[in-house]
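Written out below as structure tokens is the structure these notes cover.
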Amino acid sequence: MPELPEVETTRRGISSYILHHKVHAFKVREPRLRWPVPTALAKILPGQRIDSIKRRAKYLLLGAETGTLIIHLGMSGSLHIVAAKLAPETHDHVDIIMDNGQCLRLRDPRRFGAVLWTTQDPCQHPLLRHIGPEPLTKSFSGNYLYRASRKRRCAIKTLLMNARIVAGVGNIYANEALYHAGIRPGWAAGRLSHQDCGALATAVKSTLKQAIRAGGTTLKDFTNSVGQPGYFGQSLQVYGRQDRPCMRCASPIKRKIIAQRASYYCPKCQS
DNA sequence: ATGGGCACCTGGCTGC
DNA sequence: TGCAGCCAGGTGCCCA
């Protein structure tokens, strides 16, 4: 479900319900996520005010008074604001109940997500320390991408999805951005021209911005924090459109596995 | 240092 | 209707 726009949509959606509010209780029904959810949080968090809600790559960072809660939604996670007394459903693993009666509820059927705690600068946490620039900032540019891709022999799509190169570009938006830039996903990264890199950096930014504006992509059942779907799914040009006509030239869209991930491209527009 | 492959886990869909 | 097989938005880790 969640790529960067979905995580950003979630961040914005939950902020007004929990920012500057105190945690009343922290409940874990299923601690077996990607890493065990620290059960000590049930003692640590209550009484602490949430002072900030940030995002770094696809990680949500809830700043409390003595530390930061690091939340990752994995492949299938979602966060919703519900009334604290609403009965949990099957995959509702963690509740953060606020003193205003609202509850931030984590649902994650596949349990690839994570809820961790750090008392250090969260950006220095081992999981975040090596993450590259945020794609929507100036530090991610055509120049940067050109330099970062030199002597790289992996596919450009694989490089785009490498968090050390650029933060938070997942499979859907890597496919979409490459289509918009007219670049084949399987091309060796190191062979892109300076101009290609400029077009690609621009396409990554515009694709992500457009998706955030639309409230994320609805595939299967993604909904935002108050249960509304995202509408970017209607804007997807290539992702999931194997054999269907390219929206620009009508050639059938091709599907190819690159680094174990489904990749889609127009054989004519991306040449 | 880089890149390839695997692992974690459940649910939904397809085809027999 | 049942069941096997395949697929899925992420990413850390191990190995060559």
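In what follows, every chain begins at residue 1, and chains take the letters A, B, ... in the order their sequences are listed. These values consider heavy atoms only, across backbone and side chains, with no hydrogens, waters or symmetry-generated copies.
- For residues 128-138 of chain A, the set of pairs meeting the salt bridge (charged side-chain N to carboxylate O under 4.0 Å, His left out) definition, not counting sequence neighbours, comprises A:Arg55-A:Glu134, A:Arg56-A:Glu134.
- Shown here is A:Gln124, whose CD atom has more than 12 heavy atoms of other residues, nucleotides or ligands within 6.0 Å.
- Atoms CG (A:Leu33) and C1' (B:dT10) sit 13 Å apart, rounded to a whole Å.
- For the 3.5 Å distance criterion, the side chains of A:Asn100 and A:His24 fail to qualify, holding no donor opposite an acceptor.
- Remark: A:Tyr173 is not in phosphate contact with C:dG10, judged by side-chain N or O atoms under 4.0 Å from OP1 or OP2.
- A:Lys58 comes within 4.0 angstrom of sugar-phosphate atoms only, judged by non-hydrogen atoms across all strands, and of no base.
- Considering only heavy atoms from C-beta on, A:Arg150 comes within 4.5 Å of A:Cys197 through its side chain.
- Listed pair A:Arg261 / C:dG10 meets the phosphate criterion, a side-chain N or O lying under 4.0 Å from OP1 or OP2.
- Side-chain contact between A:Leu192 and A:Leu145: absent, with no pair of heavy atoms (C-beta onward) separated by less than 4.5 Å.
- Using modelled atom types, one side-chain atom of A:Glu6 and one backbone atom of A:Glu3 make a donor-acceptor pair closer than 3.5 Å.
- When the shell of 6.0 Å around CZ of A:Arg29 is examined, it contains more than 12 heavy atoms from other residues, nucleotides or ligands.
- Because its NZ or CZ atom is not both nearer than 6.0 Å to the ring centre of A:Tyr264 and within 45° of the ring axis, A:Arg244 does not count as a cation-pi partner of that residue.
- At a cut-off of 3.5 angstrom, counting only N and O atoms as typed in the model, there is no donor on one side facing an acceptor on the other between the side-chain of A:Arg111 and the base of B:dC9.
- Judged as a side chain to side chain contact (heavy atoms under 4.5 Å, CB included), and not counting sequence neighbours, the contacts of A:Leu136 are A:Lys205, A:Leu208, A:Lys209, A:Ile212.
- Separating the CD atom of A:Glu6 from the C1' atom of C:dG9 is a distance of 7 Å, rounded to the nearest angstrom.
- Across the protein-nucleic acid pair, A:Arg56 atom CZ and C:dG10 atom P stand 17 Å apart, rounded to whole Å.
- For the OP1/OP2 pair of B:dG3 and a distance below 4.0 Å, the side-chain nitrogens and oxygens of A:Arg152 include at least one atom meeting the criterion.
- For the segment residues 153-169 of chain A, the set of residues with a heavy atom within less than 4.0 Å of an atom of DNA chain B comprises A:Arg153, A:Cys154, in numerical order.
- Considering only side-chain atoms of A:Gln260, the nucleotide from B:dC9, C:dG10, B:dC6 that sits closest is B:dC6.
- C:dC7 sits 16 Å from B:dG5 when the P atoms are compared, rounded to a whole Å.
- To the nearest angstrom, P of B:dG12 lies 15 Å from CE of A:Met75.
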Test side-chain contact (heavy atoms from CB on, under 4.5 Å) on A:Ser206 and A:His180 and set out the steps. CA-CA 9 Å; A:Ser206 63; A:His180 286 294; 5.7 Å; no
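- Between the P atom of C:dT11 and the NE2 atom of A:His130 lies a distance of 16 Å, rounded to the nearest Å.
- B:dT10 atom P lies 15 Å from atom CG of A:Leu106, rounded to whole Å.
- With respect to A:Arg255 and A:Asp243, no salt bridge is recorded, no charged nitrogen being found less than 4.0 Å from a carboxylate O.
- In this structure, A:His72 does not reach the C:dG10 phosphate: none of its side-chain N or O atoms is under 4.0 Å from OP1 or OP2.
- A:Ala262 comes within 4.0 angstrom of sugar-phosphate atoms only, judged by non-hydrogen atoms across all strands, and of no base.
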Output one line per pair: protein atom, nucleotide atom from nucleotides 4-6 of chain C, and distance, for all N/O pairs under 3.5 Å.
none

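- In DNA chain B, runs of at least 3 stacked Watson-Crick or G-U pairs (N1-N3 plus N6-O4 or O6-N4, or N1-O2 plus O6-N3, all under 3.5 Å) give these stems: B:2-8 with C:10-16, B:10-16 with C:2-8.
- Residue A:Arg255 has a polar side-chain atom (N or O) positioned under 4.0 Å from OP1 or OP2 of C:dA8.
- Between A:Leu127 atom CG and C:dT11 atom C1' the separation is 9 Å, expressed in whole Å.
- Between C:dG12 and A:Arg34, no contact under 4.0 Å exists linking OP1 or OP2 to a side-chain N or O.
- The CD atom of A:Glu3 sits 6 Å away from the C1' atom of C:dG9 (whole-angstrom rounding).
- Considering only residues two or more places apart in sequence or on other chains, A:Ser193 meets the side chain to side chain contact (heavy atoms under 4.5 Å, CB included) condition with A:Gln195, A:Asp196.
- Two residues are said to be in side-chain contact when any heavy atoms from C-beta on lie closer than 4.5 Å; A:Arg241 and A:Pro245 meet this criterion.
- For the pair A:His91 and B:dG11, the criterion of a side-chain N or O lying under 4.0 Å from OP1 or OP2 is met.
- Stacking between A:Phe112 and C:dT11 is absent: the aromatic ring centre is not both under 5.5 angstrom from the base six-membered ring centre and within 30 degrees in plane angle.
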